[in-house]
Amino acid sequence: MNSKISYDRAQLELRAAHIGVGAFHRAHQQVYYDDLARLNSEDSKNWGVVGINLTPPNISELHEAQGASYSVLTDDGNLASCREVGTLMRVLDADSAAGFDWSDIDFATLTITEKGYCHRAGSTELDPDKVSADIAFPTNPKTAIGYLALMLDQRRRAYGNPITLASCDNVADNGILLGSVVRAYMEQVFPDSLAWLDDSVTFPTSMVDRIVPAMSDTSRVKLEKACGGKDALGVVAEPFRQWVMENKFASNRPGFELAGAQIVDNLAPYEHMKHRMLNGLQSAYAELGRLCGFNSSDGASNNKDLQIWADVFLESQASTLICPNGENLEKYGRISLKRLQNPTIHHPLNQIASDASFKLPQRIGAPAADLLNSGHNAEAQAMVIAGWAIMAGDTSADENGVVTTDPMASQLAMLRKRHESSHSDLANAFLALPIWPERVREDANFAALTTKWVNIFSGATAVERLAQIRKFSKEHVNA
Ligand code: CS2
């Protein structure tokens with residue numbers, strides 16, 4: 001199936017912005033805008049988007065050269081479908097972003113990755129060290145936070161019309177975090193705009209979902225073959241997509257509901273469900289799967305032993321959740337596993353394992369703390385942390401050259417080296433990291449279970465590790 005742009009692009013107006021025009025944005029939020037344009041409904045038809053790309057690689061020239069459009073190829077293993085997206089009207093790279101006039105923008109989204117928020121891990125506080133260069137030269141910002149603050153200050157001075165800034169990163173309470181770091185930065189740099197900020201800018205929290213692995217040579221060839229021609233910005237993604245957004249808008253916004261998004265008053269249950277079940281399973285497979293010799297999500301999730309382990313893990317993660325309206329956690333778990341098993345989406349475990357020091361606290365640490373607080377032992381979660389303690393800081397490439405990166409990589413590799421002769425010291429050192437909830441850091445039983453699995457995994461072969469995981473799963477499945 002091949003679907004070309006079906007609307008008059010001349011009717012689009014630059015009313016929305018997005019910061020961080022990576023593959024995820026191109027395959028997710030942009031597809032919702034494209035749906036709205038295709039629906040051509042009176043309320044929502046003319047939302048065009050300016051993409052602001054503050055970090056390399058620069059893509060504005062490529063985007064212009066290919067006529068400001070690109071393709072998204074989705075494939076569930078049975079049906080491949082190609083769509084041309086035309087709502088990303090302009091892209092500005094870092095060198096021209098500061099010159100863009102935001103006056104007509106009413107709604108903006110961000111995907112700047114966990115690190116982009118310049119906060120202290122595990123809190124919503126701005127880390128002043130991470131924005132010190134922007135604080136020194138606020139009119140030449142390098143971070144997304146400094147950039148947004150400058151845009152907001154200029155807006156307040158010009159018309160001061162309200163704006164919605166919606167974080168779409170996989171970070172806990174992303175709207176609260178964004179609001180908090182922007183405010184803290186402006187308190188120091190643009191104090192005259194604070195009262196306006198509080199009155200006129202909203203930061204809804206949102207949950208976004210679609211598996212979009214970084215493009216590889218293989219996926220690019222596949223895309224270009226299916227979609228017909230060279231496409232430097234095209235993306236391959238799974239068919240599934242979901243966007244749930246908190247109902248907290250400052251002014252005009254696109255009617256994303258028409259394209260299947262959900263607007264809700266309480267976002268937390270949706271966010272927790274996604275972080276703990278889908279993302280939790282992805283990260284668990286990244287740590288345990290690599291120890292068992294797998295290097296992609298579909299490889300690990302199609303293994304029978306790891307599938308039974310997923311049943312145990314997902315049931316335990318689900319027990320920490322409040323089921324969001326309209327969802328069914330058991331079904332959500334089944335669908336999550338099925339999504340990972342999609343053989344046409346080659347998601348490297350080394351990519352998922354990247355930035356684990358940001359990801360694991362919300363995906364594994366928070367549910368583990370809830371389990372411990374309610375008197376459960378959280379062994380499946382301890383297994384993942386044990387796997388991480390053995391793998392963290394490892395920078396070996398997989399067969400496609402994908403390596404794991406992490407801002408804490410050198411510190412973690414040092415911990416591994418320092419404690420190589422004692423499994424319990426290694427487990428305790430990883431559990432003592434300030435990234436975890438207090439309960440996880442201090443629970444002696446949890447530490448004993450983590451040590452047990454560091455012991456089991458260390459020095460064992462991939463086959464032996466899998467056998468131990470199988471034994472655990474059989475003992476615990478539906479226990
Ligand atoms: C993945 C996510 O790399 C990762 O951290 O777990 O990018 C995941 O594929 C998305 O959150 C799915 O929506």
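If you're wondering where the values come from, they're calculated on a predicted model, not measured in any experiment. Just follow the structure's listing: the first ligand is 1, and inside any ligand the first atom is 1.
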Does an N or O from Gln351, backbone or side chain, lie closer than 3.5 Å to an N or O of ligand 1? no
I'd like to know if Glu238 contacts ligand 1, where contact means a heavy-atom distance under 4.0 Å to any ligand atom. no
Between Lys338 and Asp76, does at least one N-O distance fall below 4.0 Å, as a salt bridge requires? no
Output all residues satisfying salt bridge (Lys or Arg N to Asp or Glu O under 4.0 Å) with Glu114, sequence neighbours left out; order by chain, then residue number. none
Once you restrict to heavy atoms under 4.0 Å, what part of Arg363 touches ligand 1? Side chain, backbone, both or neither. side chain
Check: Ser60 and Asn53 side chains under 4.5 Å, non-hydrogen atoms: no
Hey, mind stepping through Phe358 and Tyr117 against ring-ring contact (aromatic ring centres under 6.0 Å, His included) and telling me if it holds? CA-CA 12 Å; Phe358 276 113; Tyr117 291 82; 9.6 Å; no
So for ligand 1, is Arg339 a polar contact partner (N or O within less than 3.5 Å, distance only)? no
Strictly under 4.0 Å, does any heavy atom of His347 approach an atom of ligand 1? yes
Residue and atom name of the nearest protein heavy atom (relative to atom 13 (O) of ligand 1), distance in Å to one decimal: Asp209 OD1, 2.6 Å
Roughly how far apart are Trp453 CH2 and Gln468 CD, rounded to 0.5 Å? 6.0 Å
Quick note on ligand 1: atoms under 4.0 Å from a heavy atom of Lys274 include exactly 10 (C), 11 (O), 12 (C), 13 (O)
Does the side chain of Glu379 reach to within under 4.5 Å of the side chain of Lys452, using non-hydrogen atoms? yes
Asn170 contact mode with ligand 1 (heavy-atom cut-off under 4.0 Å): side chain
Checking heavy-atom distances from atom 4 (C) of ligand 1 to each of Arg241, Met207, Lys359, Gln282, the winner is Lys359
What I'd like to find out is whether the side chain of Leu36 reaches to under 4.5 Å of the side chain of Thr87, using heavy atoms alone. no
